[in-house]
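Everything on this sheet refers to the single structure shown next.
Each chain gets a letter, A, B and so on, in the order the sequences are listed, and its residues count up from 1. Just the heavy atoms: all of them, side chains too, but no hydrogens, waters or symmetry mates, feed the values below. What you see is a predicted model, and the numbers here were worked out from it, not measured in a lab.
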Protein chains: 2
Amino acid sequence: MIRVLVCDDEQLLREALGRIVDVADDLHVVGLAENGSQALELVAKHSPDVVLMDIRMPVLDGIEATRLIVRAHPATRVLILTTYDLDSYVYAALQAGASGFLLKDAPSERLRDGVRIVAAGNSVLAPEATTRMIEALRPDLPDESDQHLLAAIQTLTDREREVLTLLAAGHSNQAIADHLHLSRHTIKIHVSNILAKLNLPDRIQAVLAHTRLRPHL
Amino acid sequence: MIRVLVCDDEQLLREALGRIVDVADDLHVVGLAENGSQALELVAKHSPDVVLMDIRMPVLDGIEATRLIVRAHPATRVLILTTYDLDSYVYAALQAGASGFLLKDAPSERLRDGVRIVAAGNSVLAPEATTRMIEALRPDLPDESDQHLLAAIQTLTDREREVLTLLAAGHSNQAIADHLHLSRHTIKIHVSNILAKLNLPDRIQAVLAHTRLRPHL
DNA sequence: ATCCGACTAGTACCGGAGCACTACGCACTG
DNA sequence: CAGTGCGTAGTGCTCCGGTACTAGTCGGAT
């Protein structure tokens with residue numbers, strides 16, 4: 001049985017949410033709170049598995065309440081439930097330690113499923129937020145101008161790639177030489193070859209290029 | 001009515017999935033395919049709204065099939081359904097243009113809801129994958145060792161921060177001087193002060209530190 | 001067998017980076 | 001008014017980075 005606390009400042013919605021949750025055999029509402037501060041008290045009192053939390057509330061808003069709850073009661077998961085699908089809300093909620101973010105216009109079964117998911121220790125996001133998050137994760141495609149760099153890196157020899165990695169980590173030629181048990185002069189040759197092959201003017205640009213392309217290597 | 005095509009190489013599972021989908025009033029199975037190649041044909045024939053797609057299949061695997069389907073039929077959404085919750089699968093699926101990624105051990109209602117979500121043009125992820133994606137996206141808090149750097153940057157003067165930005169972009173002292181209409185010597189002073197305040201040995205470390213901390217500035 | 005590319009090493013040279021020290025104008029403050 | 005901090009500028013010095021040229025070894029390809 002998953003024990004749920006509902007926190008919303010609108011009484012009607014609070015009760016409606018409670019009913020929606022309670023119709024499931026495996027979910028049980030253990031309390032209703034009308035603001036973040038009250039939620040904090042009831043969490044301490046009932047130790048619920050999941051808190052359904054609104055964001056915009058008087059006294060103590062849902063984000064701050066989430067932060068306090070997850071710090072004081074790590075076993076209790078918070079599922080944010082809001083009307084507004086703003087990226088800043090999603091971000092703030094997750095940053096505050098929320099396990100999920102759903103919209104109030106979600107079908108009731110999706111809400112119940114969300115409770116089960118966060119109770120199991122996983123995360124759930126509103127479909128719209130999921131879409132945007134995937135989009136945000138995708139622009140991993142390198143710029144047009146970096147494409148030829150990627151190709152050029154493939155032309156490097158194993159040794160050169162090894163040197164490039166150390167170079168990009170910020171090591172000096174001498175440090176790279178010590179690390180590879182080579183002479184400083186040899187490293188300079190490798191660096192020169194790397195810069196020539198990548199058509200870069202100096203090691204700083206190599207460092208920048210390498211960090212830029214790191215996700216694609 | 002959302003029209004669904006089911007694609008899986010195991011006949012039992014294929015039929016079971018079809019039944020699970022068909023019990024919903026708003027969902028209708030328009031075809032069953034036993035590999036990616038057959039799915040491609042049936043998509044062309046029936047133009048379904050959603051394809052439930054397995055990954056591991058003979059002839060043509062689900063990832064490649066997804067790539068071909070979304071290219072040839074952009075209106076058809078693909079929802080990947082697999083047994084294995086591997087990050088590489090999730091990534092490959094989304095990269096191939098899938099709108100969703102669910103696991104076969106998901107409750108049937110979650111599966112039906114997933115179909116509705118992708119049919120509406122949004123994305124859905126298995127809870128486990130959602131959790132990991134959020135972890136990956138959460139701009140990890142700066143390391144312990146970087147905390148004092150952040151503080152130190154606050155002690156920089158406006159001019160020094162300006163120089164640091166240009167320095168971190170990979171510009172030479174001379175280039176920075178030209179850009180700010182100052183003498184090269186003045187820039188060297190600023191750089192020296194910056195390195196001293198941030199306790200860094202050279203500009204390369206400044207570049208690395210700046211790129212590392214960029215999300216937190 | 002010969003040639004070529006990769007890896008190694010060295011010397012020499014130039015320019016940029018970074019530091020030390022000095023110095024002046026300006027604005028703010030005690 | 002003097003002191004302080006900031007921004008500006010210069011000189012001189014050392015060290016590192018990058019290039020040029022030479023040169024040896026080794027393994028694979030012609």
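A salt bridge is absent between B:Asp9 and B:Arg56; no separation between the charged side-chain nitrogens and carboxylate oxygens falls under 4.0 Å. Salt bridge status for B:Glu64 with B:Arg67: present, with a side-chain N to carboxylate O gap under 4.0 Å. A salt bridge links B:Lys104 with B:Asp8: the closest approach of a Lys/Arg side-chain nitrogen to an acidic carboxylate oxygen falls below 4.0 angstrom. Under the 4.0 Å criterion applied to side-chain N and carboxylate O atoms, B:Asp49 and B:Arg3 are not assigned as salt-bridge partners.
The residue B:Ser183 sits close only to the backbone: its heavy atoms come under 4.0 Å of sugar-phosphate atoms, none of a base. Heavy atoms of A:Arg184 sit under 4.0 angstrom from at least one base atom. B:Thr157 comes within contact range of the sugar-phosphate backbone alone, with a heavy-atom separation under 4.0 Å but no base atom that close.
Taking only side-chain atoms of A:Val191, from C-beta outward, the nucleotide of C:dG18, D:dG18, C:dT11 with the closest atom is D:dG18. In the set D:dG18, C:dA17, C:dC7, the nucleotide with an atom closest to the side chain of A:His190 is C:dC7. Considering only side-chain atoms of A:Lys188, the nucleotide from C:dA12, C:dG18, C:dA9 that sits closest is C:dA12. For A:Leu182, counting side-chain heavy atoms from C-beta on, the closest listed nucleotide (C:dG18, C:dA9, D:dG18) is C:dA9. The side chain of A:Ile189 has C:dA9 as its nearest neighbour among C:dA9, C:dG18, D:dG7.
Look at CG on A:Asn173: it is 6 Å from P on D:dG18, rounded to the nearest Å. Separating the CD1 atom of B:Ile204 from the P atom of D:dG18 is a distance of 7 Å, rounded to the nearest angstrom. Rounded to whole angstrom, the span from the CD atom of B:Gln174 across to the P atom of D:dG10 amounts to 11 Å. Atom CG of A:Leu167 is separated from atom P of D:dC16 by 16 Å (rounded to the nearest Å). The separation between B:Gln205 atom CD and C:dG18 atom P is 11 Å, rounded to whole Å. Straight-line distance from the CD atom of A:Glu160 to the C1' atom of C:dT8: 13 Å, rounded to whole Å. Between the P atom of C:dG10 and the CD1 atom of A:Ile187 lies a distance of 12 Å, rounded to the nearest Å. If you measure from atom CG of A:Asp158 to atom P of D:dG28, you get 14 Å, rounded to the nearest angstrom.
In this model, the phosphate group of D:dG17 is not approached by any side-chain N or O of A:Ser192 to a distance below 4.0 Å at OP1 or OP2. The side chain of B:Ser172 places no N or O atom within less than 4.0 Å of a non-bridging phosphate oxygen (OP1 or OP2) of C:dG16. Between A:Arg159 and C:dT8 there is a side-chain polar atom (N or O) within less than 4.0 angstrom of OP1 or OP2.
Positionally, the nearest nucleotide of DNA chain C for A:Lys197 lies more toward the 5' end than for the other of A:His181 and A:Lys197. With DNA chain D read from its 5' end, the first of the two nearest nucleotides for A:Ala196 and B:His185 is the one closest to B:His185.
Surrounding CZ of A:Arg214 are more than 12 heavy atoms belonging to other residues, nucleotides or ligands, all under 6.0 Å away.
In summary, of the residues considered (A:Thr130, A:Ile117, A:Val115), a side-chain contact (heavy atoms from CB on, under 4.5 Å) with A:Val124 occurs for A:Ile117 alone.
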